[in-house]
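Every number for a ligand or one of its atoms is a count from 1 in the order of the listing. Please read these numbers as outputs of a predicted model, since none were measured by experiment. The first residue of the sequence shown is numbered 1, and numbering continues consecutively from there.
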Amino acid sequence: MSEIAKLEALEILDSRGNPTLAVTATLANGIKATAKVPSGASTGKREAVELRDDDLQRYKGKGVLRAKTHVETEIQRRVHGLDAYDQAALDKALCELDGTPNKARLGANAILGVSLAVARASAIDRGLPFYASLGNESANLIPAPWFNVLNGGRHADNSVDFQEFMISPVGAPRYSEGLRAAAETFQSLKSVLHKKGYSTAVGDEGGFAPQLKSNEEPVELVLEAIHKAGYKPGKDIVLVLDPATSELFEDGEYVFTKSDKSRKSPEQMIEFWKQLLDRYPEIWAVEDGVAEDDRFGWQQLTKTLGNRIQLVGDDNFVTNPTIFRRGIKDGIANAILIKLNQIGTLTETLECIQIARDNGYGAVISHRSGETDDTSIADLAVAAGMGQIKTGSTSRGERIAKYNRFLEIEQELGAKARYAGASVYERWQAVKA
Ligand code: PGA
Ligand code: ZN
């Protein structure tokens, strides 16, 4: 047992220059650790509430001083003396103190900051790396990353409706080799874009965001870049899309406002995906292929394509155990995206991962588009052992921090380190068979 003695919070900036919270937890024996909270842009409606000040005199209302005060007064009083090793009891106390179903009173940013900072402090106190303290001491599976190399949608000012075009180096023998393959492909994509006269400026998650003309052009360019880097698409490196279609859904239809201005019914949207997969068998996962409120669309999509690719639920499940369980009953998706700040505590996040495991669903740990140099999700991904993570491209310091953390973990584990590329690949080949 190790008692929580003190909580401090600081209003810092995230990678978009918007305020967010850093929370430092100090234990009675003086050990302390800090966690920094991320922030999304294309958020699901049912996410836990990120508390902002709404004081237009500061940061256009985006300040987080109220959340900071909650950490240092009410939360501090409640958790003082609790056992830092009992994460479940701490997180339960935080949820009960908040008293709302979506952490709207104290703020999911305040609550997650405390939950994570205490978890980190207890890891130091136990003398364990964070991944070993979070999972178990034999955790050794380094996930296959999904690198977001081309951006559109709400993350870029261009003519691409879909938010993320990602590559995953599943064929690499080791994590570090996979990272190299992705970084080389990213550089190759840069020269492909440059030769075609496109901009090589990057978007929020570090992917390029050129003025492309259609939703298919990014796929073509990424395939060309993989070839030119000397890798085989569909074998060494596979493609993943996050079109974030909740952002396109209006009055029951999908509206492609940024590209061809077309409107599609849910059936037409599913047909669109089917044709795209026929054309590009290198695509092995689509996240939010239909919108969070399109339950019928999700069921149809899962029936039609659930035996071909990973269908990952982000905006619809919002890392919420209750919502996720209901979605599984409804026959929706076959994988879940896991974002700590969508739900606001570590315990509920781990519960979602366990539900995925128990139901044969995939689970992909994820960053947010607004990030910091905090690397907790890298350790969480190793602890979870589910074999996949998305945390941006191979550019921008806040994304690289996570990828570099895996390099450290790989080195620390030495001969015990395993890379998930081959196992996740085989698993999804088996789904297809
Ligand atoms: P967000 O988007 O972090 O801006 O919400 C990421 C995603 O949709 O996966
Ligand atoms: Zn998403």
Side-chain angles (χ1 to χ4, degrees), residues 14-18 20 36-50 52 62 108-109 112 143 145-157 160-168 202-207 209 215 239-249 254 273 283 285-294 297-298 301 309-320 323-324 327 332-344 349 352 362-372 374 376-377 380-381 388-393 396 398-399 402:
D14 71 13
S15 55
R16 277 193 279 255
N18 291 323
T20 189
K36 298 169 189 171
V37 179
S39 174
S42 69
T43 48
K45 278 188 209 156
R46 287 168 278 270
E47 289 193 20
V49 174
E50 181 178 73
R52 302 237 172 233
K62 290 191 172 180
N109 41 357
L112 178 62
W146 297 359
F147 296 91
N148 178 11
V149 292
L150 270 175
N151 292 184
R154 279 188 83 137
H155 290 173
D157 186 15
V160 179
D161 297 292
F162 302 158
Q163 184 174 283
E164 300 169 21
F165 295 82
M166 293 173 274
I167 56 172
S168 185
V202 297
D204 286 353
E205 297 185 353
N215 293 320
L239 305 192
V240 178
L241 305 187
D242 178 8
T245 59
S246 302
E247 305 292 328
L248 312 177
F249 201 51
Y254 294 88
W273 290 125
I283 298 175
V286 173
E287 182 185 325
D288 286 351
V290 287
E292 59 187 309
D293 291 329
D294 189 3
W298 259 114
L301 181 72
I309 57 163
Q310 293 190 79
L311 296 169
V312 188
D314 170 14
D315 289 351
N316 57 338
F317 293 149
V318 291
T319 318
N320 181 311
I323 296 175
F324 183 30
I332 282 173
N334 56 25
I336 181 175
L337 202 77
I338 299 288
K339 292 167 166 169
L340 285 155
N341 79 324
Q342 279 183 329
I343 188 67
T349 305
C352 271
V364 183
I365 313 303
S366 173
H367 66 162
R368 299 307 304 247
S369 51
E371 269 292 334
T372 68
D374 187 292
S376 298
I377 58 166
L380 175 66
Q388 295 181 95
I389 187 168
K390 70 166 196 177
T391 182
S393 85
R396 295 189 62 134
E398 74 281 2
R399 316 292 148 183
K402 281 72 162 171

For this session: Please check if the distance between the ring centroids of Y254 and W273 is under 6.0 Å.
Result: no
For this session: Could you tell me which atoms of ligand 1, counted from 1 in the order shown, lie closer than 4.0 angstrom to a heavy atom of D242?
Result: 7 (C), 8 (O), 9 (O)
Exercise. Under 4.5 Å between any side-chain heavy atoms of L239 and I167, yes or no?
Worked result: yes
Exercise. Under a 4.0 Å N-O cut-off, is there an ion pair linking K390 with D242?
Worked result: yes
For this session: Distance to 0.1 Å, residue and atom name: give those for the protein heavy atom nearest to atom 3 (O) of ligand 1.
Result: S369 N, 2.8 Å
Problem set entry | Parallel, tilted or perpendicular: ring planes of W298 versus F317, cut at 30 and 60 degrees | parallel
Exercise. Is the Zn ion (ligand 2) less than 2.8 Å from at least one N/O/S atom of D242?
Worked result: yes
Exercise. From the Zn ion (ligand 2) out to just under 2.8 Å, does an N/O/S atom of E287 turn up?
Worked result: yes
Exercise. Does D314 put an N, O or S atom under 2.8 Å from the Zn ion (ligand 2)?
Worked result: yes
For this session: Would you mind running through ligand 1 and noting each atom that sits below 4.0 Å from a heavy atom of K390?
Result: 7 (C), 9 (O)
Problem set entry | Close approach of E164 to ligand 1, heavy atoms, under 4.0 angstrom | yes
Exercise. What pair of heavy atoms forms the shortest contact from N148 to S393, and how long is it?
Worked result: O-CB, 3.1 Å
For this session: Check for a donor-acceptor pair, side chain of D374 on one end and backbone N or O of K36 on the other, with a separation under 3.5 Å.
Result: yes
Exercise. Should you measure from each heavy atom of G40, which atoms of ligand 1 turn up under 4.0 Å away?
Worked result: 1 (P), 3 (O), 4 (O), 5 (O)
Problem set entry | Which of the ligand 1 atoms, numbered from 1, are nearer than 4.0 Å to a heavy atom of R368 | 1 (P), 3 (O), 5 (O)
For this session: Determine, for R52 against E50, whether the closest basic-nitrogen to carboxylate-oxygen distance falls under 4.0 angstrom.
Result: yes
Problem set entry | K339 side-chain N/O to G40 backbone N/O, donor-acceptor pair under 3.5 Å | no
Problem set entry | Proximal ligand 1 atoms for D314, defined as those under 4.0 Å from one of its heavy atoms | 7 (C), 8 (O), 9 (O)
Exercise. Is the shortest distance from a heavy atom of R154 to ligand 1 less than 4.0 Å?
Worked result: no
Exercise. Considering only heavy atoms, which of G392, S246, S42 lies nearest to atom 2 (O) of ligand 1?
Worked result: S42
Exercise. For atom 6 (C) of ligand 1, which candidate among R16, K339, H367 holds the nearest heavy atom?
Worked result: K339
Problem set entry | Distance from atom 8 (O) of ligand 1 to nearest protein heavy atom, with residue and atom | Q163 NE2, 2.9 Å
Exercise. How about Q310 and Q388: does a side-chain donor come under 3.5 Å of a side-chain acceptor?
Worked result: yes
Problem set entry | Qualifying residue, where the test is side chain to side chain contact (heavy atoms under 4.5 Å, CB included) with I365 and the options are I389, T349, T391 | I389
Exercise. What atoms in ligand 1 come closer than 4.0 Å to a heavy atom of E287?
Worked result: 9 (O)
